[in-house]
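So the structure is just underneath, and the comments pick up after that.
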2 protein chains.
Amino acid sequence: MDKLERNGLDAPMIFRAALVDGMGASVCIRHLKAGETLYVEGESADYCYEIVSGVMKEYNTLEDGKRQVAEFYKAGDMFGFSESDDQLHTAEAITGCTVRCYPREAFMKTVAASPALSASFLETLMTRLHRARERMVMIGRMSAMQRVATFLLRLADNTDGEDDAHLAQFHLAMSRQDIADHLGLTIETVCRTLTELKKRQIIVMESARVFTIADLASLEAVAMGARSRLH
Amino acid sequence: MDKLERNGLDAPMIFRAALVDGMGASVCIRHLKAGETLYVEGESADYCYEIVSGVMKEYNTLEDGKRQVAEFYKAGDMFGFSESDDQLHTAEAITGCTVRCYPREAFMKTVAASPALSASFLETLMTRLHRARERMVMIGRMSAMQRVATFLLRLADNTDGEDDAHLAQFHLAMSRQDIADHLGLTIETVCRTLTELKKRQIIVMESARVFTIADLASLEAVAMGARSRLH
DNA sequence: CGCCGCCTTGACTCCCTTCAATGCGAGTGG
DNA sequence: CCACTCGCATTGAAGGGAGTCAAGGCGGCG
């Protein structure tokens, strides 16, 4: 699966070249400040997007104000497709972001017209679907500790460039609230869980947003269910 | 969204015609008894499937035996696509089933070669993705009562043919365990929740698998969060 | 310095799980 | 026909894990 994520849209060199080729001047660039929304649930879905730099989150809000963060996106990720004519989620910049915007109609036509693009796009969607289902398992069937451990491991996998991922330092772009909303937990539970992992010396926290995985094996064991409780 | 589900693969007349056209004799039919598996997580993914009759479930199993049912499929639904060469889920017949099998390679080629098929297939995948995310919200952010109510409403929507859905009788193909594994709950909680809905006269249960929605408005209110607790 | 947003920690509550027993309908064989 | 069994569904009691409410702590910035 890791390999697959490096194909498709998530390693978008070839894909983007073909797209820009097919769509030319209609592609434009937008800059967003942290906290700014790119689109809001319900509004007309006129563009598909690709992140050039920065980190964004895509989420839904319930009537009672609870949020569920569907996915975090980083440089190279494409998103904003919808089978509906309206956006079904809200996309918001976590850090300052630069985003490439593809007019949706043209984007879809360009993709449909090219078998190679189609195949690539299909693969991306299937990967997203698979990830969404993994998250369903995580939220539906794992303890808070397992969820947080899995989240950290996933983060380590996705942080490219480091050779020894388990010794690398990570910087969390997202807040505790974002993590909580992503994992189906409360902010307090996320905090307590991180504190417990710190106590067990499985992670080291240089600051609230910077940490290191000190004991990868233990973190994996916790993610699988070993000693996965807070007290 | 209802309308969209009636296009794409979920109303597969045109789609299937084009597919069979392109793939001809390589399509075959399988019959499954209740409880039989069509494919198992990890095995080679050689086919995509379309249900002719019956109900199936697609699920994942965790190390500790917990299951998460990703989706239920009924006549007309297509499934079994995977971006990997292996199956990522297990598919099992709930009732006796008849299934049409499309060789995966040929299926993907046929789809990629036709812009119309591509567009239709993309739409299906996006719909699935959207549903998966809705379920994430449900599992991550709703009470047991809300989840069950939402599940029943969704079931009512999908039961086609009835004019007055809120007065129609439903037959549940799946067991309480299946429902629990779908909603991220235990079988006991599902039972208690149904009992409570029965007590409140929101639903009527003719038998364990047959019931009627007696008070659609209240069920919707419960799904939205009103009086969504067991005691 | 003091405000403000984010993070952390504590105490208590409660919804859901866990464990355990019972009910119930269908199929089977004596 | 009835006794028996087996899987599924239901109900009860008890406990725990995460939520809720509330009070600081910490760092950045005007």
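The model shown is predicted, which means the values in this text are computed figures rather than measured ones.
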- request: Determine which bases of DNA chain C form Watson-Crick or G-U wobble pairs with both distances under 3.5 Å, and write the result as a 5' to 3' dot-bracket string with | for other-strand partners.
  value: ||||||||||||||||||||||||||||||
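Between A:M142 atom CE and C:dT17 atom P there is a gap of 16 Å when expressed in whole angstrom units. The interatomic distance linking B:D181 (CG) with D:dA9 (P) rounds to 12 Å, in whole Å. The CG-C1' distance, from A:L172 to C:dT8, rounds to 15 Å in whole Å. A straight line from CE of B:M174 to P of D:dC8 spans 15 Å, rounded to a whole angstrom. Rounded to whole Å, the distance from CD1 on B:I179 to P on D:dT10 is 9 Å. With rounding to whole Å, A:I94 atom CD1 is found 12 Å from C:dC6 atom P. For the pair A:Q177 CD and C:dT8 C1', the computed distance is 14 Å after rounding to whole Å. The interatomic distance linking A:E206 (CD) with C:dC7 (C1') rounds to 17 Å, in whole Å.
Taking both residues in full, the closest heavy atoms of A:S143 and A:S228 are given as OG-O, 3.3 Å, listed atom of the first, atom of the second, then distance. Scanning both residues, B:L38 and B:M56, for their nearest heavy atoms gives CB-CE, 3.8 Å. In plain terms, the two heavy atoms of A:T150 and A:A223 that are nearest each other are OG1-CB, 3.7 Å.
Here C:dT9 is the nucleotide among C:dC6, C:dT9, D:dT10 with the atom lying nearest to any side-chain atom of A:C191. Closest approach to the A:S143 side chain among D:dA18, D:dT10, C:dC7 is made by D:dA18 (side chain taken as heavy atoms from C-beta onward). When each of D:dT10, C:dT9, C:dT8 is scored by its nearest atom to the side-chain atoms of A:T195, the top-ranked nucleotide is C:dT9.
A search for side-chain hydrogen bond (donor to acceptor under 3.5 Å, both in side chains) contacts involving B:R141 returns A:D181, not counting sequence neighbours. Listed by chain and number, the residues in a side-chain hydrogen bond (donor to acceptor under 3.5 Å, both in side chains) with A:D86 amount to none (sequence neighbours excluded).
Taking 4.0 Å as the cut-off between side-chain N and carboxylate O, A:D85 and A:R104 count as a salt-bridged pair. At a threshold of 4.0 Å, the pair B:E196-B:R227 does not count as salt-bridged, since none of the basic side-chain nitrogens sits closer than that to a carboxylate oxygen.
One finds the CG atom of B:D178 at 5.0 Å from the CZ atom of B:F72 (value rounded to the nearest 0.5 Å).
Residue pairs that meet the side chain to side chain donor-acceptor pair (under 3.5 Å) test with at least one member in residues 183-193 of chain B, sequence neighbours left out, are B:T186-B:T189.
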For nucleotides 27-30 of chain D, tabulate all protein N/O to nucleotide N/O atom pairs closer than 3.5 Å, reporting atom names and distance.
none

So which protein nitrogen or oxygen atoms get under 3.5 Å of nucleotides 19-26 of chain D's nitrogens or oxygens?
| residue | atom | partner | partner atom | Å |
| --- | --- | --- | --- | --- |
| D:dG19 | OP2 | A:T186 | N | 3.3 |
| D:dG19 | OP2 | A:T186 | OG1 | 3.0 |
| D:dG19 | OP2 | A:T189 | OG1 | 2.5 |
| D:dT20 | O4 | A:R192 | NH2 | 2.8 |
| D:dC21 | N4 | A:E188 | OE2 | 3.0 |

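At a threshold of 4.0 angstrom between heavy atoms, the contacts of B:S207 with the nucleic acid are absent.
Side-chain contact between A:L185 and A:R147 is present, with heavy atoms from C-beta onward closer than 4.5 Å.
Ring planes of B:Y39 and B:Y49: parallel class, angle under 30° (limits at 30 and 60°).
Annotation for B:E63: atom CD counts as buried by contact number, over 12 foreign heavy atoms lying within 6.0 Å.
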